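To start, the structure under review is shown below, and the notes come after it.
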Amino acid sequence: MSEIVLGVGASHSTLMNTHWDEVDHLPGAHRFRDGLAEARRLVDAARPDAVVVIGSNHFRGFFLDLMPAFTVGVGEVNGAGEAGTPGGPLPVDTVLARRMVDGLVGAGFDPAFSLRLTVDHGITHGLQYLVPDLDVPIVPVVVNMFAPPLPSLRRCQVLGAAIGEAIRSDGDGKRVAVIASGGLSHRLPWPKWYDALSDDDRFLVEAWLNGRDSWSEYEVRRRRIIRAAEPDVDPEFDAWFLDLLARGDLDPVTAMSDAELTDRAGNGAQEIRSWIAMAAAVGPATGRTLAYAPIDAWLTGMGVAALHPRTTTRQETRP
């Protein structure tokens, strides 16, 4: 049977690709980038045959005309390529992907699947920095984290456990790493789709609804709206979450409602769903934070963490 050899959680910001010069003087930005480099070395040392990457959609691959809670790419997967992130075809482990879908159905989920999936930086940013050569096939799992109603935090924890079980029971003897992309605390100037009040709100909802064949046409104004937002980062929440992750006890955070999480850590913190699912997939593990820095210029608390499964020794993860 296959085994999960490593779990990694990493925050993302496309501004790291496009506006690094604005933060080059900040030690925190360098700590985060160095943390990504350390995580990349861990992924390399784990020698995965496949990488399951769990992340969000920023309305470049999914839109309000159809918004599944969970989607697995089982065929062709293409990166949107926005803001210097990987674009075009990505390598996919279609056999593992299909078996994961079957396993999720058997566990009581009703996942959507796609034979032609477009993913944005919610998936590709983590790949760009953790699997930069893109020479390992992936299985993308896209979770709705921005268009309410969202799957609950607890539901995402159960999803992760089901993903882990599906991987371990596939019978192929693969080494699999699980990457979570997104978070930590941040607040985006995104309206609820049913409560668009300002001109910018209405513009964004229009982009989210009508952008399936033209999302790039909305990018200039969309990016201006985001860049104009005031930072709202909560380092105390981020430290609390990273400590829970390292200790292997995420129940205190999964007990939170969406409203409680948004009030405390911002609507962008809903992306911790990917970290929660990753941790549940990995199972009992030794966790540690590789880097953390609140970076106001990126509007986000930027963290990197690694989970080493307790059933896998460090010797086994070396080349």
Side-chain angles (χ1 to χ4, degrees), residues 7-16 19 22-23 25-36 39 54-56 58 121-122 125-126 143-148 150-157 180-192 195 204 225-280 287-307:
V8 174
S11 303
H12 58 234
S13 172
T14 58
L15 294 172
M16 184 172 173
H19 291 77
E22 295 181 2
V23 299
H25 65 289
L26 298 176
H30 286 269
R31 284 198 305 274
F32 175 70
R33 189 170 66 175
D34 291 345
L36 285 177
I54 306 170
S56 56
H58 302 80
H121 70 273
H125 197 274
V143 180
N144 172 26
M145 306 189 200
F146 290 121
L150 309 181
S152 71
L153 296 166
R154 186 78 75 190
R155 183 67 168 163
C156 292
Q157 187 176 37
S181 184
L184 298 169
S185 67
H186 62 295
R187 194 175 302 273
L188 298 170
W190 286 9
K192 294 182 174 64
D195 193 24
L204 287 171
I225 293 169
I226 293 173
R227 292 275 287 161
E230 292 294 326
D232 186 4
V233 181
D234 187 338
E236 291 185 4
F237 170 85
D238 295 338
W240 176 68
F241 176 76
L242 290 168
D243 179 63
L244 292 175
L245 185 77
R247 291 194 284 113
D249 177 20
L250 289 175
D251 287 346
V253 71
T254 59
M256 297 177 73
S257 69
D258 289 354
E260 290 170 331
L261 180 58
T262 294
D263 287 347
R264 179 167 178 184
N267 56 352
Q270 303 294 345
E271 287 184 320
I272 64 171
R273 283 166 168 75
S274 59
W275 296 59
I276 290 167
M278 176 273 291
R288 62 190 178 103
T289 298
L290 305 181
Y292 174 76
I295 303 180
D296 285 352
W298 295 347
L299 306 178
T300 305
M302 306 294 292
V304 188
L307 298 182

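Just so we're clear, the structure is a prediction, and the values are computed from it rather than from any experiment.
Partners of P252 under the side chain to side chain contact (heavy atoms under 4.5 Å, CB included) rule, at least two apart in sequence or in another chain, are W240, L244, D249. Considering only residues two or more places apart in sequence or on other chains, A180 meets the side chain to side chain contact (heavy atoms under 4.5 Å, CB included) condition with S274, W275, M278. D243 is linked by a salt bridge (Lys or Arg N to Asp or Glu O under 4.0 Å) to R247, counting only residues two or more places apart in sequence or in another chain. Residues satisfying the salt bridge (Lys or Arg N to Asp or Glu O under 4.0 Å) criterion with R187, sequence neighbours excluded, are D232. H186 meets the ring pair (Phe, Tyr, Trp, His ring centres under 6.0 Å) test with no other residue; sequence neighbours excluded. Residues passing the ring pair (Phe, Tyr, Trp, His ring centres under 6.0 Å) test with H19, sequence neighbours excluded: none. E236 is linked by a side chain to side chain contact (heavy atoms under 4.5 Å, CB included) to D234, counting only residues two or more places apart in sequence or in another chain. For R154, the salt bridge (Lys or Arg N to Asp or Glu O under 4.0 Å) test picks out D251, with sequence neighbours left out. For D195, the salt bridge (Lys or Arg N to Asp or Glu O under 4.0 Å) criterion is met by no residue, not counting sequence neighbours. Among residues two or more places apart in sequence or in another chain, the ring pair (Phe, Tyr, Trp, His ring centres under 6.0 Å) test is passed with Y292 by none. Residues passing the side chain to side chain contact (heavy atoms under 4.5 Å, CB included) test with P191, sequence neighbours excluded: D201, L204, V205, W208.
In this structure, OG on S181 lies 7.0 Å from CD on E271, to the nearest 0.5 angstrom. To the nearest 0.5 Å, atom CG of residue L299 and atom OG of residue S185 are 10.5 Å apart. I272 CD1 to L184 CG: the interatomic distance, rounded to the nearest 0.5 Å, is 8.0 Å. Interatomic distance, CG of D238 versus CG of L245, reported as 12.0 Å (0.5 Å rounding).
Classification of the F237-F241 ring pair by plane angle, with boundaries at 30° and 60°, yields parallel.
Of all non-hydrogen atoms in L15 and A297, the two that sit nearest each other are CD1-O, 3.4 Å. When all heavy atoms of G301 and S11 are compared, the pair lying nearest together is O-OG, 3.4 Å. Closest non-hydrogen pair, G122 versus H12, comes out as CA-CE1, 3.7 Å.
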If you look only at distance, which donor and acceptor atoms sit under 3.5 Å apart when one is on a side chain in residues 255-262 and the other is two or more places apart or in another chain?
from : atom 1 : to   : atom 2 : distance (Å)
S257 : OG     : E260 : N      : 3.1
S257 : OG     : E260 : OE1    : 3.4
D258 : OD1    : R273 : NH2    : 2.6
D258 : OD2    : R273 : NH2    : 3.4
E260 : OE1    : S257 : N      : 2.8
T262 : OG1    : D258 : O      : 3.1
T262 : OG1    : Q270 : NE2    : 2.7

